[in-house]
Structure formats: structure tokens, C-alpha cells
Amino acid sequence: MHARPRLRHPSTILVPALASALIASVFVLAPPGFAADSLLSQGRPATASSSEDSTLAPAKAFDGSGSTRWASVEGNDPEWLRVDLGQSATISRVKLTWEAAYGKAYRIQTSADGSAWTDVYSTTAGDGAVDDLTLSGTGRYVRLYGTARGTAYGYSLYEMEVYGSAGGNPSPTPTVTPTPTPTPTAGGPAVPFGGHTIPYASGMLRPSGGQAALDQKVVDYYKRWKAAFVKQNCGNGWYQIISPDADHPYVAEAQGYGMVIAATMAGADPDAKKIFDGLLKYVLAHPSSITPGLLAAEQDTSCKSVNGGDSATDGDLDVAYGLLLADRQWGSAGTYDYKQLAVKTINAIKSGEVNPTTKLMKLGDWTSSGDQYYWISRTSDWMIDHFRAFRKATGDATWDTVRTNHQNLIASQQATYAASTGLLADFVVNTNTTPKPASGQVLEDPNDGKYWWNACRDPWRIGADAVTSGDAKSLAAARKLNTWIKGKTGGDPSKIAVGYALNGTQISSGSEPAYFAPFAVAAMTDSGSQAWLDALWNKMLNTSFTPTDYFSTSIQLQVMITVTGNHWVP
């Protein structure tokens, strides 16, 4: 296998360990009868037009817990959430506690029979957070009817509380058992591998064959990857992903990959949570020396941070994403408060690794205004689905800007410098003026301005957002790459070279999973590429690896997870 150049940056650093915290939720059963202006809705039966998945059910918005929520499917209007109060009531107040995915335009409606509805409140200027609404209406049923989402996601409420009064005896309040956030020893994961509970955008391809057989191929490959690269070499209850073909045995990129993979494979690997927590413990013990909340980019054979201990952006992006996956899988009430750690990491990324002027990703927290690296960005750090997840987790609209700016830059780089191929360079310079591919070595290699050992991941990263979100910009970028490479190779994955100039001229011979596997994700976006996707899939299955092939193997595993429908955005 071809060795990848692995100079991360001139020097490297990490951040102080994050403190874990436990979130306790308080659950109160609905009162047996209605008093004047009492809370009428808690514990009552609820229905909705849709739910994003089974863990985000309508009842979660009426269970009295601020840590559970209902969420509609993403990207659809209108959507509604309804509660049955058991008998007719006079409604005086409705309190909506929104998650990051809020309603911009919505109505509150009442109904006597659950069929004919009367508007008692409406707005077209919702801004999320908490809407505490004073209103007047009567009815047994109360409904939130959303007509315009405030984000690209769906509608999501931690709580919908209906207050008022009603005479007589209401229908019996159902017995409600709260669903606490799982502890480390609680049952299985919420989104088990192979469950396919979070669908992709419509029209996305998968390799031919039965779903169970496809999933098993991923599990088989994962087991081999795990045996080769998941280690406990430094004690302390740590797990590490070893990277023999990198410039150091342990790099931030690898730990991020490991956390994302472990959380995703939960349900297939009974040790997934143990591995994830061991990786997290390692990450927290190796903080960046510059930005608290980030990970030191490189460690030596003794697991000691070297080269200054500063950060590498790609590792931190995956660490934060992995923490969000873990929160969704296992909850955050155990040893580690995954959600709190995720938000802290996301905020640290914003502080240390997002250029405050361009809102593009920096190379790490080690570059600052005035140095020669400040206006350079690495295309493999442009993880659009991660930025969506960060926006959802934090409610911070900055991440919408970050996402949009990267998508626009992808489109402009493709149009201006790779009109026939869609290829992106490893590094883009002059991001504050006229962004363009590097002309020669700016950080790692003379090929920094070409499609080389960083940018080879771009079809996977761009495609992952395209297949999960259906976003038009991501789809266009992925399809451009797919059209070119399929034509370039005549549909033969073995002809995918190791590196290209942006005009499509081959740099090096050979065949590497780091180069051919990512194109499979781009192929998923084109309805006419089933045979091409199948060829790429079979190429992956028939390519062996050794314990020194960390980089290519880790990329191929994550591609296999994605093309089989097992990647999801928390």
C-alpha cells in the first residue's frame, strides 16, 4: 500500500480535559383532575403527523422531562403535534419549549372532536427558544400546526404544555412511565447498526443485494479493522486508534474516526460503548495546549502529546460528531455527559478552528491572524453534515453560515478550477480574497494544490451530506465528481489512480481504497450509476489490507457504513 504523507502542521497542541456532568430529569405525573389554570397536557395521549424516529415520539413532548423531545421528519411542511386532554377544557396558555429545530410559522388550534380545528394563535415570526403564549380557546384537543420550519430540519419540542381549566371528571389519565436518559448499563442503543431507522433522502442508491447481507459485509470488515487498529497500549483505561502509516502512532484524526465508528456500530458490537468511552477518556486526557475543549493532534508511542500539543481540525470535527452520536445512542446520564461534552467541543471548534472572518475551517487552533496559514483551508475538513449536526445541537446559527460558506466554496472551486472534473485541491489558499488551489507546497506536499491524500476523502464527505440531507448543493457537487470519475475510468474502479491534477491528469499509479472507496458515496446520488456503485462495492470487498493500512482502511470502513444506509446525522 502507498504510504500517505502525514505532516499535520508545523507544530501541534491540545486542550484541557472537559469535565463530565450528569443531567437529571424531573418527571411529574399529570394531576388526577383539572384545576383552574392547571397543567392539563402532561401525560395525556399524543399523536403527530410524523416522528423522526421511534425515540422522538409525540409523547416525549408531554412527559414533563426537559431532556426528551418530539421531532418531526426533517425537511417537510406542514407538520403537526396533537394532545388529547380527555375532555373539553378552557385553554388559557400554551408553552412551547423548542429544541434547535423550531417553527417559524405555526398555529395553535383547538378542536372538540379532533377533526374540525379552530385557530387560537398564529405567528409567522417564531424564533425558537421558549414561546409562552397567552390565548383563549376551548376544546378537548389542542394542536401545534407548523407551516414553515425555522431551520432545514423538522419541528422539535422538548415540551408542549397546555394550561387552563375544565369541569367534571376527565377521562382517566393514562399511566405514564418516564423514559430516562439511558445509563451506561442500560439496554441497547437507540439507533442500532442495521436498524435503518433514519432514512436517506429519496432516490439514493445502495449496492445490489439484500440489506442484511450488505450490513453483514460491513460488520465483517469492521471486525478486521477493529482487530488491527483498536488498541489499549497505554493503560489508564484508554483506548486508542493506532495509525502506523501516519507521521505519529496516534493522531487526532484517528481518534475521531474511532469515536464515530464505535458509536455507529453500536448494536453490532456489544463492546461499542466500552470502546467509545475508552477513546473519549483518551481524548479528554490529551487536551490542546491552545484551546480548551480540543484534542492534541499527535502522540508518540508512549501516548504523550508531541509537536506542541495543538489541534488538527479534522480530528476535532469527528470527536464532536462522535459525541453527538453517543448522546443519541446511549443518552448522557452515565459516566460521561456526552451532550455537554459535544457542545463544549463544538464551541471550542468555533473559537479555535473557525476563521472568524471567512467562517471557513482553519487548519487547526495553531494558526492565527498574521501568520501565513491563516487564510488556508483543507477541503477534507469541509464536513457539511457535521456542520448541520452542530447547528442542531447548539442552536447556534453561526453553523448555518459555516455550512453555507463551505458549500458555496465547493461550488465555486469546482466551477473555476475543475470544470470538467469537479475535483478539489488538498488546500485552498487566499480564502479572504479570491480562494484558489495552492500553487505548490503550502503545508504538507508539493501536490498540496491537487487532488491528493487529503482531498481523496472529499467525495465521501460531500456525498455523506448529499445522501442524508438531499441538499441540492451537495447533490450537485457529488454528482459532478461521480460523472467525471465514472467516465474517466470507463466504469472500472481499478483504473482510479492515486491522485489527480484538477484537470484529471493522473499523478501516480496504483490502487488505494482511500481513492476509490469515497467515489462510491458520490455514486449513490446518481440514479443511473447502479452498475458503477456495484463495481465500486465489489472492489472494496475484494481489496485486502494489512495492519499498516490504517488510513485507507478507516476511510473504506466509513464509506461502507454510508453506502449501506447506516450513516446518520444526530
Side-chain angles (χ1 to χ4, degrees), residues 6-19 243 246-248 250-257 259-260 279-280 282-300 303-324 340-383 386-387 389-390 393-394 396 398-399 401-403 405-406 426-429 431-432 442-444 448 454:
R6 302 282 300 154
L7 295 175
R8 299 304 309 183
H9 37 60
S11 61
T12 350
I13 273 190
L14 241 166
V15 169
L18 302 172
S243 49
D247 52 354
H248 288 86
Y250 309 107
V251 294
E253 165 198 275
Q255 312 321 313
Y257 284 167
M259 290 173 69
V260 170
L279 289 167
L280 176 56
Y282 180 86
V283 166
L284 295 178
H286 294 83
S288 167
S289 59
I290 295 177
T291 309
L294 301 182
L295 169 61
E298 298 162 326
Q299 289 82 46
D300 61 18
C303 292
K304 181 179 179 181
S305 294
V306 294
N307 279 354
D310 49 13
S311 76
T313 297
D314 54 355
D316 292 317
L317 291 171
D318 273 336
V319 166
Y321 194 82
L323 284 162
L324 292 176
Q340 182 191 57
L341 291 171
V343 170
K344 286 185 176 181
T345 305
I346 293 166
N347 290 337
I349 292 169
K350 177 183 172 183
S351 172
E353 294 174 336
V354 174
N355 186 297
T357 302
T358 64
K359 295 297 188 289
L360 299 173
M361 302 313 299
K362 294 161 50 182
L363 302 174
D365 64 357
W366 48 271
T367 176
S368 58
S369 180
D371 70 38
Q372 61 182 313
Y373 304 102
Y374 193 61
W375 306 111
I376 300 176
S377 190
R378 180 190 290 108
T379 62
S380 55
D381 294 344
W382 301 355
M383 305 178 196
H386 288 40
F387 304 149
F390 297 171
T394 63
D396 185 349
T398 298
W399 291 106
T401 303
V402 170
R403 174 179 55 81
N405 288 5
H406 284 91
D426 271 15
F427 297 95
V428 172
V429 301
T431 57
N432 59 324
V442 295
L443 186 68
E444 294 186 354
D448 280 352
N454 288 291

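- With a 4.5 Å cut-off on side-chain heavy atoms, Y321 and M383 do not count as touching.
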Please evaluate residues T379 and V428 with respect to the criterion side chain to side chain contact (heavy atoms under 4.5 Å, CB included), reporting the C-alpha separation (whole Å), side-chain torsions for both, the decisive distance (0.1 Å), and the verdict. CA-CA 7 Å; T379 62; V428 172; 3.9 Å; yes

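- To the nearest 0.5 Å, atoms CD1 (I349) and CZ (F390) are separated by 4.5 Å.
- Considering CG of L360 and CG of D381, their distance stands at 11.0 Å, rounded to 0.5 Å.
- Contact check for L341 versus L280: side-chain heavy atoms found under the 4.5 Å cut-off.
- Using the six-membered ring where Trp is involved, H406 and F387 have ring planes that are tilted, between 30° and 60° apart.
- With rounding to the nearest 0.5 Å, the separation of CG in D316 from NE2 in H386 is 11.0 Å.
- Formation of a donor-acceptor pair under 3.5 Å by the K359 side chain with backbone atoms of T398 is not found in this model.
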Which is it for M361 and L317 under the side chain to side chain contact (heavy atoms under 4.5 Å, CB included) test, yes or no, and what are the steps along the way? CA-CA 10 Å; M361 302 313 299; L317 291 171; 4.0 Å; yes

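- Across all their heavy atoms, I346 and A393 have their closest contact at CD1-CB, 4.3 Å.
- Aromatic ring orientation, W366 versus Y373: perpendicular (interplanar angle above 60°, classes split at 30° and 60°).
- Between the OG1 atom of T367 and the CG atom of N355 there is a distance of 8.5 Å, given to the nearest 0.5 Å.
- D426 places a side-chain N or O within donor-acceptor distance of the main-chain N or O of N454, the cut-off being under 3.5 Å.
- Atom SG of C303 sits about 12.5 Å away from atom NE2 of H248, to the nearest 0.5 Å.
- A donor-acceptor pair shorter than 3.5 Å cannot be found between the side chains of W375 and T358.
- Of all non-hydrogen atoms in A348 and L294, the two that sit nearest each other are CB-CD2, 3.6 Å.
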For M259 and L323, what are the C-alpha separation, side-chain angles and deciding distance, and is it a side chain to side chain contact (heavy atoms under 4.5 Å, CB included)? CA-CA 8 Å; M259 290 173 69; L323 284 162; 4.0 Å; yes

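- With salt bridges taken as basic N to acidic carboxylate O contacts below 4.0 Å, one links D396 and K350.
- In this structure, OG1 on T313 lies 6.5 Å from CZ on R378, to the nearest 0.5 angstrom.
- Residues D448 and E444 share a closest heavy-atom pair of OD2-N, 2.9 Å.
- Between A320 and A342, the shortest heavy-atom contact is O-CB, 4.1 Å.
- In terms of modelled atom types and a separation under 3.5 Å, the side chain of D314 and the main chain of E253 share no donor-acceptor contact.
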Show your reasoning for whether side chain to side chain contact (heavy atoms under 4.5 Å, CB included) applies to L443 and I376. CA-CA 9 Å; L443 186 68; I376 300 176; over 6 Å; no

